[in-house]
Number of protein chains: 2
Amino acid sequence: MDIKHLHYFVTVCDQLSYSKAAQKLHISQPSLSNAIKNLEQEVGSPLLERNTRKMELTDAGKILYQKSLVLLSQMNILKKEMEEVKLTGSGDLIIGIIESVKHWIPKVIRGYQGRFPSINIKLIEVLSGKAVKESLRKYHTHLLITNQFIDEEDIESFPLYDERLMLVLHKDHPLAEKESVRLKDLASEPFIISTEGFQTREDILTAFSFELVNPQIKFEIERFETALTLVRENLGVTIIPENYLSGSTDASLVRKTIDSPALERTVYLAYMKNRYLAPAVQAFLEEVRGKFPSKT
Amino acid sequence: MDIKHLHYFVTVCDQLSYSKAAQKLHISQPSLSNAIKNLEQEVGSPLLERNTRKMELTDAGKILYQKSLVLLSQMNILKKEMEEVKLTGSGDLIIGIIESVKHWIPKVIRGYQGRFPSINIKLIEVLSGKAVKESLRKYHTHLLITNQFIDEEDIESFPLYDERLMLVLHKDHPLAEKESVRLKDLASEPFIISTEGFQTREDILTAFSFELVNPQIKFEIERFETALTLVRENLGVTIIPENYLSGSTDASLVRKTIDSPALERTVYLAYMKNRYLAPAVQAFLEEVRGKFPSKT
DNA sequence: CCTCATTTATAGCTTCAAGCTATCAATTTA
DNA sequence: TAAATTGATAGCTTGAAGCTATAAATGAGG
């Protein structure tokens, strides 16, 4: 009982003629004749009462016709949907990000949504360490924007841009005057840092530990905006990605570069190397690459 | 995109292994491998991420899996239903009857329902003349019980039993005394007869016209029971099939045979000769034949 | 680190279903 | 009665779908 045969059968029922149906189906009339005969054999009862002039459906034929119509339409829907899926993947595009992308990714998404309006984009803050690779391999994310360089056989990882983590202080803060600030100068300052799990937190703590300094963590925040608010009140100092500050012009804040190589990091775009990427995923990938051509 | 291939695909997804799936499907592993590859080509995107150790569904695979499950289950339902239809026809058994069968057909139906409990039996009072043949040919009825002998190429018609139409009067009626009654004796009697469309009405009127008598039709009824009620009140006389009276023993009623060959009729069972009869129809046919073995 | 076992992919062969053309048979129409 | 139309049958051809044998990949275990 093949879908194709049901299609043949339905066409014959619609046309009430083998010859006409055969024409519609682009097969010869004898082939169609045979196909229906086989279908009847398979079903176990006649479907059409026919002679050279008249054609009528039997009881069994009527029932099969009804059911077949439903099944065929659903088969068509399935095909259409798979056609759609071929272009858009599952309809979801899941991207793992670090926090500092927030200043540029909205623009990319805006451009992308024009081309793939039906795609539902999910941004996930990918946690540190092994979770990054896991999220790609286990299909949790399609693409990853991370500051970890991933050196794995199956994962392609290329640099997008470099960014520094910069010190931010209140303009009235004593260190604001100094020419250059080093990490050890911050040892006794009330420090504002991202909560556990954010990559920036790890980067900063790593930088401190390189210089054997133990910062005084006073505040743990989830959004950089919150950190800046605290700094505006001169409640402490913080270190955040430079890109995050590029837009804001706030007279009460002072930015300082800190001379620590660990506070310079490269942001990478990563994805599974040998896995098929749906065009919708591919397109986003290229949109991002186009935004940062210098490094590629 | 064949149902069979979807079945293959779903089985692989369930087993997460080609070899195991191939075993379940009773085909070789390479055949299955090929089938899936072709399916992927047809869909246009990979469905399974696979190497010799691991197997995972892609986004497209997940979606096709879900949809295929639905489609396959519906295909199974369709097959089951056609299986059912093969045994029971359309699920309906439509029988055209004349009124006088009412005294014996319930017994046949009772026996039949035991064997085919899922069959829905419809009894239709078939109208006179050409409508009888039409109802068979146009699939309105599967079987026909009629007092017309049908002499047509495509219709099989065999006699079940003979029955007389008998006069019924009130015991106080003057004619109740007489040895024999003839139709002309009824010319001035208030006559009770079936309404237009019933075969018995036609038979009776034909009998009258043979003897050039014009009965005084006072009452037209739809059920013989109603006619008998009227006779019990001595409001008129009627002629009804002898079989209909066989059960009733009513002291106030008198039965009389009328000497008119036109009032003797044969009841036939008729059906389409060359048309496939579902076993459920066949079975009913034989049940009826078994009830009236003398004539067959 | 090197087998062994397991699993999927590839290559090449075979077979049968599903198509084709040609033609017959039945039946309506002119 | 001839022509036209339509479905059925016969016989041929081809390609999809199966098979076996074998290669390639990889994880497990000594």
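To find a chain, count down the sequence lines: A is the first, B the second, and so on, and within it residues start at 1. As the structure is a computational prediction, the values presented were derived from the model and not from experiment. Hydrogens, waters and symmetry mates are skipped; everything else that's a heavy atom, side chains included, is used.
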> Passes side chain to side chain contact (heavy atoms under 4.5 Å, CB included), B:K4 versus A:D2? Steps please.
Replying inline: CA-CA 8 Å; B:K4 188 166 59 173; A:D2 188 353; over 6 Å; no
> Are any non-hydrogen side-chain atoms of B:I77 and A:K67 less than 4.5 angstrom apart?
Replying inline: no
> In whole Å, what is the span from the CD atom of B:Q29 to the C1' atom of D:dA17?
Replying inline: 15 Å
> For A:K20, does its backbone N or O pair with a side-chain atom of A:S17 as donor and acceptor, under 3.5 Å?
Replying inline: yes
> With respect to the phosphate group of C:dG19, does any side-chain polar atom (N or O) of A:Y8 fall under 4.0 Å of OP1 or OP2?
Replying inline: yes
> Which whole-number value in Å describes the distance from B:M55 CE to C:dA9 P?
Replying inline: 7 Å
> Please give, in whole Å, the distance from D:dA8 P to A:Q41 CD?
Replying inline: 14 Å
> Are B:S31 and D:dC19 close enough that a side-chain N or O sits under 4.0 Å from OP1 or OP2?
Replying inline: yes
> Within less than 4.0 Å of OP1 or OP2 of D:dT6, is there a side-chain N or O belonging to A:S17?
Replying inline: no
> Rounded to the nearest Å, what distance is computed from the NE2 atom of residue A:H5 to the C1' atom of nucleotide C:dA17?
Replying inline: 8 Å
> Under 4.0 Å: is that the gap between some side-chain N or O of A:S33 and OP1 or OP2 of D:dT9?
Replying inline: no
> Base, sugar-phosphate, or nothing for B:K4, non-hydrogen atoms under 4.0 angstrom?
Replying inline: sugar-phosphate
> With respect to B:E83, which candidate in B:K80, B:K79, B:K86 satisfies the salt bridge (charged side-chain N to carboxylate O under 4.0 Å, His left out) definition?
Replying inline: B:K86
> Could you walk me through whether A:Y65 and A:V10 pass the side chain to side chain contact (heavy atoms under 4.5 Å, CB included) check?
Replying inline: CA-CA 6 Å; A:Y65 177 71; A:V10 165; 3.8 Å; yes
> Does A:R265 reach the side chain of A:I98, with side-chain heavy atoms less than 4.5 Å apart?
Replying inline: yes
>> In this structure, how many angstroms lie between the P atom of D:dG15 and the CG atom of B:N34, rounded?
In response: 17 Å
> Roughly how many Å is it from CD1 in B:I36 to P in C:dT7, rounded to a whole number?
Replying inline: 17 Å
> Knowing that exactly one of A:F116, A:Y112, A:Y271 qualifies, which makes a ring pair (Phe, Tyr, Trp, His ring centres under 6.0 Å) with A:F284?
Replying inline: A:Y112
> Tell me: CD1 of B:I27 to P of C:dT8, nearest whole Å?
Replying inline: 13 Å
>> For a stem of at least 3 consecutive Watson-Crick or G-U pairs with distances under 3.5 Å, i pairing with j, i+1 with j-1 and so on, which stems involve DNA chain C?
In response: C:1-30 with D:1-30
> Can you tell me if the side-chain N/O atoms of B:S28 get under 4.0 Å from OP1 or OP2 in D:dC19?
Replying inline: yes
>> Could you tell me how far apart B:N38 (CG) and D:dG15 (P) are, to the nearest whole angstrom?
In response: 15 Å
> So does B:K37 get a side-chain nitrogen or oxygen closer than 4.0 Å to the phosphate oxygens (OP1/OP2) of C:dT10?
Replying inline: yes
